[in-house]
> 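Before we start, here is the structure in question, set down as structure tokens.
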Amino acid sequence: MEINRDLYLNKLIRHKHNGMIKVITGIRRCGKSYLLFELFYRHLLSCGIADDHIIKIALDDRKNKHLRDPDALCDYIHSAIKDDEMYYILLDEVQFVDEFEDVLNSFLHIKNADTYVTGSNAKFLSKDIITEFRGRGDQIHIAPLSFAEFMSAYNGSKEDGWKEYINFGGLPKLFDFTTEEDKVNYLKNIFTETYIKDIKERNAIRNDAELEELLDILASAIGALTNPKKLSDTFKTVKQVSISPETIKKYLDYFVDSFLIEQAVRYDIKGKKYIGTPLKYYFTDIGLRNARLNFRQSEETHAMENIVYNELKIRGFNVDVGVVEYYSQNENKRSQLNSAEVDFVCNLSDKRYYIQVAYSIPTKEKLVQEQNSLIRINDSFKKIIIVKDLSRSHYNDDGVYMLNLYDFLLNPNSLDL
């Protein structure tokens with residue numbers, strides 16, 4: 001089964017020969033090894049690169065145990081380079097090598113070598129991995145399957161595919177399971193035995209009950225505005241546990257740093273400034289979020305918002321939560337300040353989009369509610385409402401682009417139509 005991952009493959013291709021170490025990062029089981037050892041390897045062969053000029057080592061393979069010694073790996077790489085032609089060094093699970101940072105930095109001195117690596121230990125599952133390479137690291141971040149990537153391998157309609165995707169998410173391994181029971185068990189097991197364990201080990205967490213409780217709270221309220229103080233109050237009132245906002249902030253940073261969740265900051269659109277708190281948190285993979293809650297909460301609206309957020313991030317946008325302030329008259333005819341929220345403010349280079357997400361808009365009143373914030377933005381950037389229950393994409397009478405969810409997810413250029 002071939003899963004289309006052209007977005008990341010093309011990034012690797014564009015970054016060839018740039019004099020840096022290409023470091024493929026992302027949460028476990030999102031497809032890093034497949035991207036490097038299958039898709040990119042085949043690309044090199046298709047470009048006419050001789051197989052003996054591709055040094056391909058899976059360091060988690062027992063037969064390569066001797067190469068986990070840093071000096072042995074260096075000697076092996078140098079001995080494999082026999083001429084002045086370009087060589088490609090592909091190392092999977094490089095964290096098995098002691099002092100791997102030094103080893104990889106040493107490869108930068110080989111003028112005719114281009115190095116690509118993946119890793120899955122706590123350090124590689126962190127945003128600070130690039131600092132280990134003294135400014136010569138080039139991060140290629142890979143996410144779980146987008147809906148379009150998922151559908152490239154799914155045998156069924158987009159409607160059936162959506163039901164599967166919004167429930168179980170986009171980890172590629174799920175295609176190996178045929179029953180819902182096996183998919184549920186897989187997601188629940190790797191969340192506990194892999195993702196949580198990585199965070200605990202990396203940050204030396206011993207009293208982990210509060211950390212796991214915080215994950216449950218975030219999973220139950222994806223897309224809700226919150227902050228450490230509010231979460232601390234929730235622990236006191238709901239869990240009868242006292243945990244300081246400072247500790248909660250630290251745990252939130254751990255989750256973001258490990259790529260398990262992402263945070264969206266609020267942005268005052270008219271004031272053109274960021275607002276510190278509250279923030280919104282979204283899970284990198286909706287299936288993992290559902291597994292965290294034992295698949296008990298299946299509200300489609302919030303899950304859909306999470307998936308739209310992930311898709312925007314995959315497309316390279318910086319995504320914020322928008323706030324529009326405006327004045328109106330109260331019942332005493334006095335002017336009062338109000339604020340309306342824009343789900344997402346998306347920026348990429350000179351492009352900007354204001355986006356609302358709605359499951360359906362069955363009435364005129366619902367449309368007025370959804371586009372209230374959008375029509376109060378006095379600039380020329382595109383205003384969009386992404387709607388699942390929409391027969392066709394079109395501009396409405398107020399100049400707002402009504403975009404069908406499937407059109408958005410399946411067409412990478414959908415925001416520009």
Side-chain angles (χ1 to χ4, degrees), residues 146-148 151 157-167 169 219-226 262 264 266-267 269 278-283 286 289-290 297-315 317 319-326 338-347 352-377 379 381-417:
S146 68
F147 182 65
M151 287 304 298
S157 68
K158 62 187 179 184
E159 291 81 10
D160 289 340
W162 172 255
K163 293 176 184 176
E164 183 83 6
Y165 186 80
I166 199 172
N167 198 24
S220 297
I222 50 173
L225 288 168
T226 191
E262 293 206 23
R266 297 177 85 204
Y267 179 74
I269 295 171
L279 301 86
K280 286 189 176 185
Y281 292 92
Y282 297 98
F283 274 72
I286 197 65
R289 176 265 181 182
N290 295 338
Q297 291 182 221
S298 57
E299 69 291 348
E300 191 166 359
T301 304
H302 293 141
M304 175 180 161
E305 181 182 325
N306 198 139
I307 290 169
V308 169
Y309 174 86
N310 289 343
E311 178 65 27
L312 293 167
K313 294 292 290 187
I314 288 170
R315 295 185 190 186
F317 287 99
V319 185
D320 301 314
V321 177
V323 178
V324 182
E325 293 187 338
Y326 63 96
N338 304 283
S339 65
E341 183 178 299
V342 179
D343 286 337
F344 302 124
V345 180
C346 312
N347 293 285
R352 172 176 286 189
Y353 304 95
Y354 301 110
I355 296 177
Q356 293 287 90
V357 181
Y359 178 78
S360 66
I361 303 183
T363 65
K364 180 68 174 178
E365 290 74 20
K366 177 65 173 175
L367 175 61
V368 170
Q369 175 189 336
E370 289 294 340
Q371 69 178 25
N372 175 51
S373 59
L374 298 179
I375 63 177
R376 296 182 184 279
I377 302 172
D379 63 33
F381 292 112
K382 195 169 184 177
K383 286 81 174 174
I384 301 169
I385 303 179
I386 297 174
V387 188
K388 179 175 182 290
D389 187 13
L390 184 70
S391 58
R392 64 179 181 85
S393 299
H394 64 280
Y395 283 93
N396 69 15
D397 294 340
D398 297 303
V400 175
Y401 188 50
M402 310 296 292
L403 178 55
N404 175 271
L405 174 67
Y406 297 118
D407 291 344
F408 166 67
L409 293 173
L410 296 174
N411 182 353
N413 301 311
S414 55
L415 298 180
D416 296 319
L417 297 178

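Along the sequence shown, the residues carry numbers beginning at 1.
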> For V321 versus A264, what's the shortest heavy-atom pair and its separation?
CG2-CB, 3.7 Å

> Does T363 reach the side chain of V368, with side-chain heavy atoms less than 4.5 Å apart?
no

> Output yes when a side-chain donor or acceptor of N290 lies under 3.5 Å from a complementary backbone atom of N167, and no otherwise.
yes

> What are the two closest non-hydrogen atoms of L403 and S393, and how far apart are they?
CD1-OG, 3.5 Å

> Please report the closest heavy-atom contact between P412 and R315, naming both atoms and the distance.
O-NH1, 3.5 Å

> Enter the distance from D389:CG to E300:CD here, rounded to the nearest 0.5 Å.
10.0 Å

> Please lay out, stage by stage, how I307 and W162 fare under the test side-chain contact (heavy atoms from CB on, under 4.5 Å).
CA-CA 11 Å; I307 290 169; W162 172 255; 3.7 Å; yes

> Atom OH of Y267 and atom CG of N347: how far apart are they, to the nearest 0.5 Å?
7.5 Å

> Between E262 and Y309, is the side-chain contact (heavy atoms from CB on, under 4.5 Å) condition met? List the steps.
CA-CA 10 Å; E262 293 206 23; Y309 174 86; 3.4 Å; yes

> As an exercise, state the distance from CG of D343 to CD of E341, rounded to the nearest 0.5 Å.
6.0 Å

> Within this structure, what is the NZ-OG distance for the pair K313 and S146, rounded to the nearest 0.5 Å?
15.5 Å

> So how far is it from Y354 OH to D320 CG, rounded to the nearest 0.5 Å?
10.5 Å

> Considering only heavy atoms from C-beta outward, does the side chain of E305 approach that of I222 to under 4.5 Å?
no

> Closest approach of S373 and V324, non-hydrogen atoms and distance?
O-CG2, 3.9 Å

> Go through it in stages, so that I can follow the logic: the residues are F408 and L417, the test is side-chain contact (heavy atoms from CB on, under 4.5 Å), and I'd like the CA-CA distance, side-chain angles, deciding distance and then a yes or no.
CA-CA 10 Å; F408 166 67; L417 297 178; over 6 Å; no

> Quick one: does V342's side chain get under 4.5 Å of Q356's, heavy atoms only?
yes

> Below 4.5 Å, heavy atoms only, C-beta onward: do I361 and M402 meet side chain to side chain?
yes

> Check whether N306 reaches the backbone of F283 with its side chain - one donor and one acceptor, N or O, closer than 3.5 Å.
yes

> Please determine whether side-chain contact (heavy atoms from CB on, under 4.5 Å) holds for the pair L409 and I386, giving the CA-CA distance in whole Å, both sets of side-chain angles, and the decisive distance to 0.1 Å.
CA-CA 10 Å; L409 293 173; I386 297 174; over 6 Å; no

> Kindly indicate whether the side chain of L312, heavy atoms from C-beta on, has any atom under 4.5 Å from the side chain of L415.
yes

> What are the two closest non-hydrogen atoms of G161 and M151, and how far apart are they?
CA-SD, 3.8 Å

> Name the orientation class of the two ring planes belonging to Y165 and F147 (parallel below 30°, tilted from 30 to 60°, perpendicular beyond 60°).
perpendicular

> When you compare the side chains of E159 and Y406, does any donor N or O come within less than 3.5 Å of an acceptor on the partner?
no

> Rounded to the nearest 0.5 Å, how far apart are CG of L374 and CD1 of I385?
5.5 Å

> Are the charged groups of E299 and R289 less than 4.0 angstrom apart, N to O?
yes

> To check you understand the geometry: which heavy-atom pair defines the closest contact between K388 and N404, and what is its length?
O-ND2, 3.8 Å

> Are side-chain heavy atoms of I375 and K383 found at a separation under 4.5 Å?
no

> Suppose we call two aromatic rings close when their centres sit under 6.0 Å apart. Are F317 and F344 close by that rule?
no

